[in-house]
Amino acid sequence: MLAAVALLLPPLLGGALLLGGAYTRERRVAERHLDETAHMLALAVDQELGQSQAYLRALIASPALAQGDIAALEAQARAIDLPKGYWFRLAAASDGRVLMNTALPPGTPLSGGQLGPNLRAALETRRSRVGNLFNSTVTNQQAIALHEPVFRNGAPAYILSLVMPSTEFTQLLTDQQLRAGWIGAVVDRSGVIIARTRDPERYVGQKARPEFAEAYAKQTSGRMPGVSLEGMPTIVSFRRTPSQDLVVAIAAPRDELGREAWRGLLLALAGAVALFALAMGLALRLARGITYPVEQLAARAAALGRGALVPTETLGLAEADAVAQVLADASQRLARSSAEQEEKVRAAVAEAESANTALFQAHRMEAVGRLTGGIAHDFNNLLQAVSGCLDMLLRRAPDDRSRDLIRAGMQAVDRGAGLTRQLMAFARRQALRPEPLDVADLMRTMRQLLMHALRADIVLEMVLPQGLWPAMADSAQLELALLNVAVNARDAMPNGGVLRFVAENVHLAPDQTEDALKGQFVRLAVTDTGSGIDSAVLPHVFEPFFTTKEVGKGSGLGLSQVYGFARQSGGTVHLDSVPGVGTTVTLFLPRAATAPRRPSAPAEARPADRVETRTVLVVEDDATVSATVSASLKERGFTVMQASRADQALALLQDGDTIDVLFSDIVMPGGMNGVELAKVARLLRPDLAVLLTTGYAENLPPLEGMRLLPKPYRMDQLLDALDALD
């Protein structure tokens with residue numbers, strides 16, 4: 001019996017400890033997944049609100065609103081293709097009187113209004129604000145409104161609102177396909193539920209439980225136990241949206257977290273008990289007839305348990321002698337390998353945990369990358385349409401004030417284009433133009449720009465050794481990445497400090513970086529003496545829209561652009577930080593195989609009185625972009641033909657009409673993209689000039705000598721590109 005206990009108990013206890021550890025780890029992983037799901041849904045809700053805000057700001061920029069032409073503004077508002085159930089409302093800032101309501105038929109008399117708390121708050125803060133849930137008497141459904149204040153000459157003039165049905169947010173939560181049994185909800189700042197995945201007809205419009213509402217009011221994020229409105233014990237993870245005071249909460253049944261591990265633990269314990277009982281029964285049966293050999297075996301098993309060597313003398317029973325020999329051999333093997341085996345187990349467990357963590361992070365960053373890339377692609381088309389309209393308006397502007405307003409709109413388009421480029425950089429879908437470049441020369445050229453970006457109390461140091469290899473990268477994107485890092489370092493040093501740039505040549509082995517890079521790289525380290533970054537924040541610094549700065553002082557896209565640029569360039573980026581000491585951002589760029597090219601002479605300026613005689617075939621599936629670009633080209637003297645698909649463009653080329661230039665988008669419906677269209681067109685007309693454009697560079701086909709104009713572009717850039725084809 002003692003021998004059986006000595007043999008079975010240690011592995012059973014060890015197995016129980018491993019199963020207990022597995023249960024704890026699975027529960028923690030499930031809780032982290034719950035937190036990440038809440039975070040991603042909060043970003044999705046905020047993105048939905050950002051899209052709604054874009055509709056509002058597009059109307060605010062309308063000249064009709066600036067001129068007080070409400071009828072023209074209403075016509076423009078009704079022409080916007082809003083999602084189903086959305087509608088605009090315009091109210092006077094002085095008394096809340098309703099001036100426009102697109103939910104009503106044109107010409108319907110409008111009733112009076114009043115300045116509620118949310119409208120007053122929007123005017124006082126001069127920021128957009130989401131209102132509370134209300135039951136619309138116009139559409140007879142529950143809805144929320146996003147209010148945007150409008151100021152003229154510094155004084156409040158109007159409040160433009162976009163009313164959205166609460167079912168839109170319920171559908172947004174449902175589309176995320178939460179785990180079975182999980183409940184998703186969106187709660188407004190007053191604690192009222194405005195969207196819910198389970199029984200929305202019953203619970204939308206009700207107050208959240210008091211303990212949850214209190215937590216939502218005090219914290220921007222958290223996780224807590226509680227009870228759902230159905231009475232089910234849950235674990236709730238919540239996140240507040242970055243730009244508005246809405247809270248996204250995900251509730252999981254409390255008994256679900258770690259359920260599979262608990263079930264396995266119970267089965268293993270039951271098996272262990274059964275095995276132990278069987279072993280005891282066999283030991284008792286043998287003991288009845290073989291007293292002496294069993295006593296000797298028990299004594300030798302006890303010696304094995306103490307770690308002593310077991311004697312090898314025979315006991316007079318073949319089975320007992322075999323067991324005794326096994327015990328003796330086991331004692332010798334255990335004495336030699338016990339410590340070695342324990343070390344291997346610890347190393348294997350640590351390696352498995354590290355690999356699991358790295359895989360989860362890679363999948364999450366890839367998912368966010370796909371989301372941001374798709375958003376940036378669609379937004380580029382919107383920006384292109386706006387840019388084209390503003391360009392035509394600028395040419396028709398009757399006075400300097402109108403031209404200044406239009407130029408302000410163009411600057412906003414440029415800022416939007418900058419944001420989409422940063423999103424494309426993070427998603428690794430931007431159209432890079434890598435070329436051999438001298439990092440040292442680029443850094444010396446940037447010194448003056450960096451000095452302007454920093455403050456006078458920050459010392460700028462550069463260590464650029466002789467013999468530095470040329471790097472293969474896009475110089476403009478590298479400058480933007482270094483400028484983003486420098487601006488972050490400046491904000492981390494409010495009382496001044498030192499910003500140091502160090503470049504060197506390095507040979508990387510696969511085990512030196514998390515990305516397993518190997519070969520020759522140029523290492524560029526940027527070190528500041530600022531406040532540093534807390535270790536809990538470090539895993540999130542490269543995520544888009546994540547920032548530790550105050551609201552309104554950072555977009556959260558700077559480091560994500562650095563990350564996307566480095567990975568898309570074939571390198572990587574690391575960030576190391578010690579709170580109170582400083583932060584180091586390290587870029588690794590692949591070595592270029594050739595020397596940098598010398599800069600070419602600047603192109604001659606386009607004559608203002610140049611007369612155009614060329615015919616341009618514009619191929620663009622976005623009707624708004626096609627219309628604005630075609631109209632602008634016609635104003636400048638071009639003859640323009642239009643097509644929305646590749647097959648339509650080929651039909652025009654085969655008709656025999658004179659066409660000098662094919663200007664086509666790359667991404668189009670119908671099975672043939674712009675690059676394939678250009679190849680077929682050149683077979684039909686070998687002398688045809690080709691210019692391609694795109695706002696999305698994922699899986700970009702080889703251009704084979706064709707020129708590419710990135711979206712969004714201004715008309716001057718398009719004209720320069722067309723001139724370069726001559």
Side-chain angles (χ1 to χ4, degrees), residues 126-127 154 404 407-408 411-412 414-419 421-422 425 437-466 468 471 473-504 522-535 537-538 540-542 544-563 565-566 573-589 599:
R126 292 175 172 258
R127 294 182 54 219
D404 289 342
R407 291 189 183 99
Q411 292 175 357
D414 291 341
R415 288 196 295 272
L419 290 177
R421 283 193 295 271
Q422 290 177 317
L437 59 88
D438 189 325
V439 176
D441 283 350
L442 183 141
M443 290 301 305
R444 295 187 190 101
T445 304
M446 286 188 66
R447 175 181 283 274
Q448 192 64 33
L449 174 63
L450 292 171
M451 293 297 296
H452 286 300
L454 303 175
R455 297 189 306 274
D457 57 357
I458 297 178
V459 178
L460 178 63
E461 297 180 356
M462 291 186 179
V463 180
L464 306 171
Q466 296 291 330
L468 197 63
D474 186 316
S475 60
Q477 290 296 323
L478 177 57
E479 289 180 355
L480 177 60
L482 295 177
L483 187 60
N484 282 332
V485 174
V487 170
N488 282 345
R490 178 200 65 192
D491 295 340
M493 297 185 289
N495 299 320
V498 177
L499 182 61
R500 183 180 178 87
F501 289 78
V502 179
E504 62 178 342
V522 177
R523 178 181 181 271
L524 184 56
V526 186
T527 304
D528 64 60
T529 57
S531 56
I533 303 174
D534 188 81
S535 59
V537 176
L538 280 177
H540 306 287
V541 293
F542 292 122
F545 304 112
F546 179 85
T547 179
T548 57
K549 300 176 183 178
E550 298 177 8
V551 176
K553 294 188 177 180
S555 66
L557 290 175
L559 287 179
S560 67
Q561 180 272 334
V562 178
Y563 171 85
F565 159 71
V573 59
H574 292 167
L575 189 146
D576 302 297
S577 185
V578 178
V581 177
T583 301
T584 298
V585 178
T586 306
L587 272 168
F588 292 92
L589 299 175

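On a predicted model such as this, the values are computed, not experimentally measured, just so you know.
- Considering every non-hydrogen atom in both V562 and A481, the closest pair reads CG2-O, 3.6 Å.
- Taking all atoms of both residues into account, the shortest heavy-atom contact from A440 to L468 is N-CD2, 4.1 Å.
- The backbone N or O of R490 lies less than 3.5 Å from a partner atom in the side chain of R455, making a donor-acceptor pair.
- Taking CE of M446 as the start and CE of M462 as the end, the distance is 7.5 Å to the nearest 0.5 Å.
- In this structure, D457 and P494 approach most closely via the heavy-atom pair OD2-O, 4.1 Å.
- Heavy atoms only, all atoms of each residue included: A489 and D528 are closest at CB-OD2, 3.6 Å.
- With a 4.5 Å cut-off on side-chain heavy atoms, L482 and L587 count as touching.
- Proximity of L483 to L450: side-chain heavy atoms (C-beta onward) are separated by under 4.5 Å at one or more points.
- A distance of 7.5 Å separates CG of L589 from CG of L437, quoted to the nearest 0.5 Å.
- Within the model, atoms CE of M493 and CG of L454 stand 7.0 Å from one another, a figure rounded to the nearest 0.5 Å.
- In this structure, the side chain of T529 engages the main chain of V498 through a donor-acceptor pair within 3.5 Å.
- For the atom pair OG (S531) and CG (N495), the distance works out to 10.0 Å, reported to the nearest 0.5 Å.
- A donor-acceptor contact shorter than 3.5 Å is absent between the side chain of D576 and the backbone of T584.
- Rounded to the nearest 0.5 angstrom, R447 CZ and L460 CG are separated by 5.0 Å.
- Put simply, OG1 on T586 and CG on L575 are 8.0 Å apart, with the number rounded to the nearest 0.5 Å.
- A503 approaches P465 most closely through the heavy-atom pair O-CD, 3.0 Å.
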